[in-house]
Amino acid sequence: IVPIGTRLDDDAIDDIEAALIGADMGLETSTEIVDELRKRLRSEQLEDGPAGVMRVLEEQVAAMVALGEEGVLPLEGVLPGKPYVVLIVGVNGAGKTTTAGKLAKRYTDAGKKVVIAACDTFRAAAIPQLEIWAERAGADIVRAQHGADPAAVAFDALEAAKARGADVLLVDTAGRLHNKVNLMEELKKIRRSLAKHDLGAPHETLLVLDGTSGQNALIQAREFNQATELTGFALTKLDGTAKGGIVVALRREMDLPVKLIGVGEGVDDLQPFDGAAFAKALFA
Amino acid sequence: RLSERFDDIFRSLRGQGRITERNIDETLREVRRSLLEADVNFKVAKGFILRVKEQALGQDVLKSLTPGQQLVKIVHDELVGLLGGSNSPLKLADLPPTVIMLVGLQGCGKTTIAAKLASQFKEKGRPPLLVAADMYRPAAVEQLQTLGTSIEVPVFSQPAGSDPVEICRLGVDEARKTNRSVVILDTAGRLSIDEEMMHELDRILQATSPHEILFVADCMQGQDAVETAGRFYERLAFSGCVLTKFDSDARGGAALSIREVTGQPIKFVGTGEKVGDLEPFHPDRMASRILG
Ligand SMILES: Nc1nc2c(ncn2[C@@H]2O[C@H](COP(=O)(O)OP(=O)(O)OP(=O)(O)O)[C@@H](O)[C@H]2O)c(=O)[nH]1
Ligand SMILES: Nc1nc2c(ncn2[C@@H]2O[C@H](COP(=O)(O)OP(=O)(O)OP(=O)(O)O)[C@@H](O)[C@H]2O)c(=O)[nH]1
Ligand SMILES: [Mg+2]
Ligand SMILES: [Mg+2]
């Protein structure tokens with residue numbers, strides 16, 4: 001998508017910056033990447049013109065979003081907690097429930113016993129939706145009646161998961177806008193309920209971001225991180241046309257990695273994040 | 001704020017003697033930065049800036065005593081103009097039922113909008129029928145049925161495995177038979193590049209001849225809004241848009257992108273999760289919001 005000549009002239013720079021902005025990286029991050037690119041091209045000798053520039057650009061972005069050891073979400077083997085508790089949060093419609101279902105299947109496929117907590121007690125048919133996902137994944141579900149206190153459901157679910165000797169507890173929560181104080185307070189309460197069990201829960205708190213998100217994702221991340229310390233992101237709907245470049249800006253600002261990506265609506269459409277593949281797709 | 005940033009720029013420029021056209025470019029860079037922060041598509045922003053520059057030079061902003069304020073007014077008015085002068089109501093059929101078809105990406109708020117519209121029609125004495133045409137998402141039909149029950153509006157559905165096109169066709173027939181004034185088709189979320197699913201929308205269109213096709217879009221979207229709106233429009237020539245999650249703090253630049261690429265009016269905004277949270281679109285309020 002980036003047409004460039006063999007020399008990096010102003011037009012080529014503009015084209016690259018446009019591609020980065022068009023991928024939702026935002027003006028600041030795009031400018032920083034272009035400045036860094038210019039520096040590297042000056043200090044390195046590139047024999048193969050446009051291809052060389054693209055390679056440097058991809059490497060740069062891949063490096064920016066690379067997962068360190070701690071960045072990888074454990075999906076099999078010995079898990080750092082029993083049950084290993086993953087809290088799933090995010091704004092309305094981002095893909096939390098679907099991601100919870102897909103993640104549950106990942107763990108059951110790896111031979112783990114999984115419990116899912118239905119902590120969206122608010123939205124119409126939220127619990128029936130999650131029940132279908134639990135069935136698809138071969139996971140247990142802990143639910144209460146519609147309108148129950150989500151924090152109480154979370155507490156009970158962790159209790160049940162412990163009692164059943166579950167390996168993993170996935171906590172699906174209701175969609176909420178970060179600028180709604182009462183909803184963010186509810187989220188804090190859910191987190192406190194999980195922590196009450198003294199098991200180190202939640203071990204993982206993933207903010208689910210819609211791949212089509214714009215700059216508001218930065219504010220979402222900041223606010224959700226305030227309410228419940230995030231450990232990473234799940235970026236959904238990357239099977240669409242959006243590039244999800246906002247995660248580059250997020251990594252730069254908050255140093256939190258994307259751990260999972262959603263690439264479809266089926267139960268197996270979940271992948272661990274791969275920085276190199278992500279960078280490649282960005283410029284495809 | 002944008003006007004303060006402009007004032008700072010003009011103040012510093014005045015210090016250099018006469019303000020020139022090239023100086024205007026510095027303020028325009030501020031406008032561009034603001035629009036990109038607000039998620040306006042960068043191509044749309046580019047065209048917008050050019051028009052603002054024309055206006056600024058044409059109105060001789062440089063000779064003004066308050067160039068910063070005047071420039072903000074130009075930007076604001078240009079935005080309002082692009083967002084769609086005045087409010088555009090829904091088209092109603094001469095002979096009922098009016099068929100309204102809701103389309104859009106996954107999770108943008110179609111099912112919620114369906115219920116909100118139905119509630120408004122009911123209040124206005126135009127008995128609606130909701131049609132649950134999403135046969136893919138788990139518990140999608142149940143979601144619409146639950147909402148329908150809460151507002152006492154009937155929901156037409158078919159058993160699992162039914163064809164969404166057939167459901168829509170039968171739903172419109174049902175609306176006609178039971179003298180409903182409006183029938184609202186809630187379709188499954190889909191990607192603009194999913195050929196099979198987009199073809200399903202073509203077939204629903206052919207089977208039901210909607211009077212109004214509303215493209216439902218999440219106002220928190222980024223640069224890609226231009227792409228998806230463009231593709232949906234190219235395919236369906238929808239007649240209006242609904243922006244959802246307006247109660248978020250997203251600046252909503254996607255609205256400008258969608259308007260620019262489709263030319264269709266934004267008819268409503270969703271302002272919350274409750275069935276009453278639907279408001280008419282106000283271009284002037286949207287312009288202020290985009291400019292932050
Ligand atoms: N194409 C695609 N669609 C997805 C993906 N993830 C989720 N979806 C769809 O997005 C829509 C919303 O997904 P949900 O899982 O209900 O989202 P949510 O965050 O739980 O929504 P709320 O609970 O209402 O806030 C559904 O139609 C999903 O099928 C993905 O990776 N790709
Ligand atoms: N805060 C807020 N939430 C909204 C608004 N509109 C819809 N939602 C929420 O967004 C989520 C998705 O809404 P749905 O109506 O299920 O979206 P959809 O487009 O039908 O989703 P799919 O059928 O999966 O494509 C739900 O949690 C809704 O409650 C709004 O205006 N404001
Ligand atoms: Mg959900
Ligand atoms: Mg729906």
Side-chain angles (χ1 to χ4, degrees), chain A residues 17-28 30 91-98 101 122-133 135-136 146 174-180 183 210-220 223 236-237 239-246 262 264-265, chain B residues 32-33 35-43 45-46 105-112 115 136-150 188-194 217-228 231 244-245 247-254 272-273 275:
Chain A
E17 197 195 56
L20 297 173
I21 293 172
D24 282 314
M25 292 214 197
L27 191 53
E28 254 185 70
S30 304
V91 301
N92 307 75
K96 299 173 292 300
T97 302
T98 305
F122 167 76
R123 207 207 68 213
I127 296 172
Q129 181 188 10
L130 191 60
E131 281 179 321
I132 293 170
W133 277 110
E135 192 177 337
R136 285 179 182 176
H146 186 259
R176 71 198 66 230
L177 294 180
H178 48 281
N179 54 322
K180 306 241 164 132
L183 297 182
D210 191 317
T212 65
S213 299
Q215 299 305 302
N216 192 254
L218 291 166
I219 308 178
Q220 290 174 30
E223 295 296 316
T236 64
K237 308 176 195 173
D239 45 321
T241 47
K243 302 286 184 175
I246 193 68
E265 303 189 68
Chain B
R32 178 176 184 255
R33 170 134 65 102
L35 293 178
L36 292 178
E37 277 172 13
D39 289 320
V40 174
N41 181 271
F42 72 95
K43 290 194 197 107
K46 190 167 188 174
L105 297 174
Q106 290 90 344
C108 62
K110 298 172 294 300
T111 303
T112 309
Y136 308 93
R137 170 174 158 150
V141 175
E142 189 169 343
Q143 184 185 5
L144 194 62
Q145 285 171 332
T146 303
L147 291 169
T149 302
S150 72
R190 68 204 64 216
L191 298 177
S192 62
I193 51 172
D194 186 334
D218 189 328
C219 85
M220 298 188 276
Q221 277 179 91
Q223 298 285 309
D224 196 57
V226 138
E227 186 71 18
T228 52
R231 285 174 189 267
T244 62
K245 306 176 200 171
D247 44 326
S248 70
D249 55 7
R251 300 256 295 270
E273 295 195 73
V275 109

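Within every chain, numbering begins at 1; the chains are lettered A, B, ... in the order of the sequence lines, protein sequences first and strands thereafter. What you see below is based on every heavy atom in this structure, not just the backbone, and it leaves out hydrogens, waters and symmetry mates.
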Which of [options] touches chain B most, by non-hydrogen pairs under 4.5 Å:
options: Gly175(A), Ala18(A), Ser213(A); result: Ala18(A)
options: Ala94(A), Ala126(A), Pro128(A); result: Pro128(A)
options: Gln220(A), Lys237(A), Gln215(A), Glu131(A); result: Gln215(A)
options: Gly93(A), Gly101(A), Ala217(A); result: Gly93(A)

Can you tell me which portion of [X] sits under 4.5 Å from chain B's heavy atoms? Options are side chain, backbone, both or neither.
X: Glu17(A); value: side chain
X: Leu27(A); value: side chain
X: Glu265(A); value: side chain
X: Glu28(A); value: neither

So for [X], is it side chain, backbone, both, or neither that comes closer than 4.5 Å to the heavy atoms of chain A?
X: Glu142(B); result: both
X: Leu36(B); result: both
X: Asp249(B); result: both

Which atom names give the shortest non-hydrogen contact between [X] and [Y], and what distance separates them?
X: Gly240(A); Y: Leu191(B); answer: CA-CD2, 3.7 Å
X: Gly22(A); Y: Phe42(B); answer: CA-CE2, 3.6 Å
X: Trp133(A); Y: Pro138(B); answer: NE1-CG, 3.6 Å
X: Gln223(B); Y: Ile21(A); answer: CG-O, 3.1 Å

At a heavy-atom distance under 4.5 Å, which candidate from Glu227(B), Lys43(B), Arg137(B) has the highest pair count against chain A?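 Looking at each of Glu227(B), Lys43(B), Arg137(B) in turn, Arg137(B) comes out on top.
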
Are the side chains of [Y] and [X] in contact, using a 4.5 Å heavy-atom criterion?
X: Gln143(B); Y: Arg123(A); answer: yes
X: Thr212(A); Y: Leu105(B); answer: yes
X: Met220(B); Y: Val91(A); answer: yes

Measuring from [X]:[atom1] to [Y]:[atom2], what's the distance to the nearest 0.5 Å?
X: Gln221(B); Y: Asp210(A); atom1: CD; atom2: CG; result: 7.5 Å
X: Thr241(A); Y: Arg231(B); atom1: OG1; atom2: CZ; result: 6.0 Å
X: Asn216(A); Y: Cys219(B); atom1: CG; atom2: SG; result: 8.0 Å

Counting only N and O atoms by type, is there a donor-acceptor contact under 3.5 Å from the side chain of Asn179(A) to the main-chain atoms of Asp247(B)?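 Such a contact is found between Asn179(A) side chain and Asp247(B) backbone.
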
